[in-house]
2 protein chains.
Amino acid sequence: MTVVEDRRSRRTRGALRDALVSLVLERGYAAVTVEDIVAAADVGRATFYTHFRDKEALYDHVVSSVLEELEERLAEVLAPEDAGFTGQPVAEVFRHASERPDAYRMILRGEGDGRGLRAFEDAWSATAHETFTARVKANAVRPRVDLQVLARAWVGEQMAVLLWWLDAPEPRPATDQVVETLVELSRRGRFWATGFDPDSR
Amino acid sequence: MTVVEDRRSRRTRGALRDALVSLVLERGYAAVTVEDIVAAADVGRATFYTHFRDKEALYDHVVSSVLEELEERLAEVLAPEDAGFTGQPVAEVFRHASERPDAYRMILRGEGDGRGLRAFEDAWSATAHETFTARVKANAVRPRVDLQVLARAWVGEQMAVLLWWLDAPEPRPATDQVVETLVELSRRGRFWATGFDPDSR
DNA sequence: CTGTTTCTGGACATGCTGTCTATGATCTCC
DNA sequence: GGAGATCATAGACAGCATGTCCAGAAACAG
């Protein structure tokens with residue numbers, strides 16, 4: 001019944017997910033065929049199509065599973081109405097990424113025509129936008145730039161660094177250290193980061 | 001002779017380039033076939049293969065043509081040894097993008113398995129890295145973060161904003177205004193941008 | 001053991017790919 | 001305006017991945 005179909009089905013789907021991710025990282029999304037996937041997952045080709053309509057469907061399945069996990073995490077971290085920016089959401093993303101590095105690598109590299117990357121950007125920048133809006137509200141000030149643009153810029157910066165970090169050779173800088181750097185970049189601005197502030201001399 | 005082959009050849013290649021870009025923007029890289037391209041460019045299918053080995057080759061051709069143009073521009077702007085960061089390189093990228101918006105859209109959206117996007121990132125962040133290094137040197141200071149990371153973050157931020165800007169509905173904010181915002185974001189940091197600096201109260 | 005569900009190999013039509021060849025179109029130069 | 005070069009074209013071809021289908025094998029619950 002449902003118990004059986006769930007257990008067996010889950011195992012198969014999981015194998016297909018893992019096979020897709022590792023194959024895509026190995027040779028790129030376009031170069032991976034359904035045959036490759038089922039061979040790596042050790043299932044029959046016909047089986048693939050009983051679970052997913054096509055390669056894209058499997059890809060979307062991977063992306064949304066990652067996204068759902070991340071959203072749960074962020075919801076927990078953002079729960080306290082501490083609207084101030086503490087770097088906790090950023091740290092959470094990095095932590096999650098370090099738990100599923102391959103899936104993150106695949107998504108952030110823009111594999112699969114970048115659909116996953118865009119979904120990711122949207123979700124993440126929505127959170128960022130909320131944070132910024134809350135901070136502006138809490139302090140009753142008027143923002144000097146479009147908060148949407150600000151959120152996009154902020155997310156773009158972090159995705160770039162996250163991808164760099166995932167691909168960095170071991171020993172990789174600790175999560176907290178990278179996050180701290182990012183937060184300081186945001187806080188102090190980039191001029192400060194180079195050790196030179198043209199305004200303060 | 002060479003004159004003939006150049007004129008006719010150029011027209012054909014140009015038509016193919018334009019066809020690829022507009023079709024990719026319309027329905028996505030993977031969904032565009034060589035047949036579609038030659039139909040849109042109004043050339044025979046066989047002709048395609050006398051110019052490009054396959055769809056990827058045409059795509060790469062588009063990307064590198066854009067990249068070469070951009071690099072020329074940046075070289076001009078960076079010529080004076082004003083190593084200080086003035087926003088001129090950023091402005092130049094935005095100006096170039098507004099002249100070839102569709103090609104930029106295609107690349108920045110990560111179409112074509114993101115190969116173009118990565119090439120773009122690399123070129124751009126190399127320039128950024130040079131700028132930062134020069135500034136550090138000119139002021140004989142020690143950077144507080146890895147300049148490579150800084151460059152990546154900076155480029156990620158700008159690519160995200162550039163893409164947003166290209167897709168923004170008309171009337172689009174003026175180039176100079178967006179660039180100014182980006183420069184101020186870098187200069188002052190993001191906290192300032194929201195009108196609230198936790199350090200200065 | 002029985003019945004249900006999932007997995008499987010193999011066969012099939014389809015569509016796109018990249019190559020080739022013979023022919024047609026276009027232009028230069030004389 | 002004709003000769004010669006270069007590019008464009010249609011059509012045919014094999015190769016390969018796709019997505020669908022079916023009949024039977026395997027795994028499991030009760």
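Keep in mind that what you see is a predicted model, and the values were worked out from it rather than measured. Chain letters run A, B, ... following the sequence lines, proteins first and then strands; every chain starts at 1.
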(request) Assign the ring pair F120(A) / Y104(A) to parallel, tilted or perpendicular, where the plane angle (0 to 90°) is split at 30° and 60°. (result) perpendicular
(message) Closest approach to the side chain of R45(B), judged atom by atom: which nucleotide of dT20(D), dT17(C), dA8(D) is it?
(response) dT17(C)
Please tabulate, for side-chain N and O atoms in residues 121-129 of chain A, each donor-acceptor pair with protein atoms closer than 3.5 Å (sequence neighbours left out).
from: E121(A); atom 1: OE1; to: R152(A); atom 2: NH1; distance (Å): 3.1
from: D122(A); atom 1: OD1; to: R152(A); atom 2: NH2; distance (Å): 2.8
from: S125(A); atom 1: OG; to: E121(A); atom 2: O; distance (Å): 3.0
from: S125(A); atom 1: OG; to: D122(A); atom 2: O; distance (Å): 3.4
from: T127(A); atom 1: OG1; to: A123(A); atom 2: O; distance (Å): 3.3

(message) Restricting to side-chain hydrogen bond (donor to acceptor under 3.5 Å, both in side chains), what partner residues turn up for D54(A), sequence neighbours left out?
(response) none
(message) Holding to side-chain hydrogen bond (donor to acceptor under 3.5 Å, both in side chains), I want the full list of residues that pass it with E180(A), two or more places apart in sequence or in another chain.
(response) none
(message) Measure CD/E35(B) against P/dG11(D) and give the value in whole Å, please.
(response) 12 Å
(request) Using atom OH of Y29(B) as one end and atom C1' of dC16(C) as the other, report the distance to the nearest whole Å. (result) 14 Å
(message) Using only atom types and a distance under 3.5 Å, with no angle test, would you say the side chain of R118(A) pairs donor to acceptor with the backbone of D113(A)?
(response) yes
(message) Using a strict threshold of under 4.0 Å (side-chain N to carboxylate O), is an ion pair present between E184(A) and R144(B)?
(response) no
(message) Rounding to an integer number of Å, can you tell me how far R10(A) CZ sits from dT6(C) P?
(response) 14 Å
(message) Without decimals, in angstroms, what is the distance between R11(B) CZ and dA25(C) P?
(response) 17 Å
(request) Could you note down all residue pairs passing ring-ring contact (aromatic ring centres under 6.0 Å, His included) where residues 21-51 of chain A supplies at least one of them, sequence neighbours left out? (result) Y29(A)-Y59(A)
(message) How bent is the helix from dC1(C)-dG30(D) to dC30(C)-dG1(D), measuring the angle between the end axes built from five pairs each, rounded to 10°?
(response) 30°
(message) Is it the case that atom CZ in R27(A) sees more than 12 heavy atoms from other parts of the structure closer than 6.0 Å?
(response) yes
(request) Report yes if at least one side-chain N or O of S9(A) is closer than 4.0 Å to OP1 or OP2 of dT5(C); otherwise report no. (result) no
(message) Tell me which residues in residues 46-57 of chain A lie within less than 4.0 Å of DNA chain C, going by non-hydrogen atoms.
(response) A46(A), T47(A), H51(A)
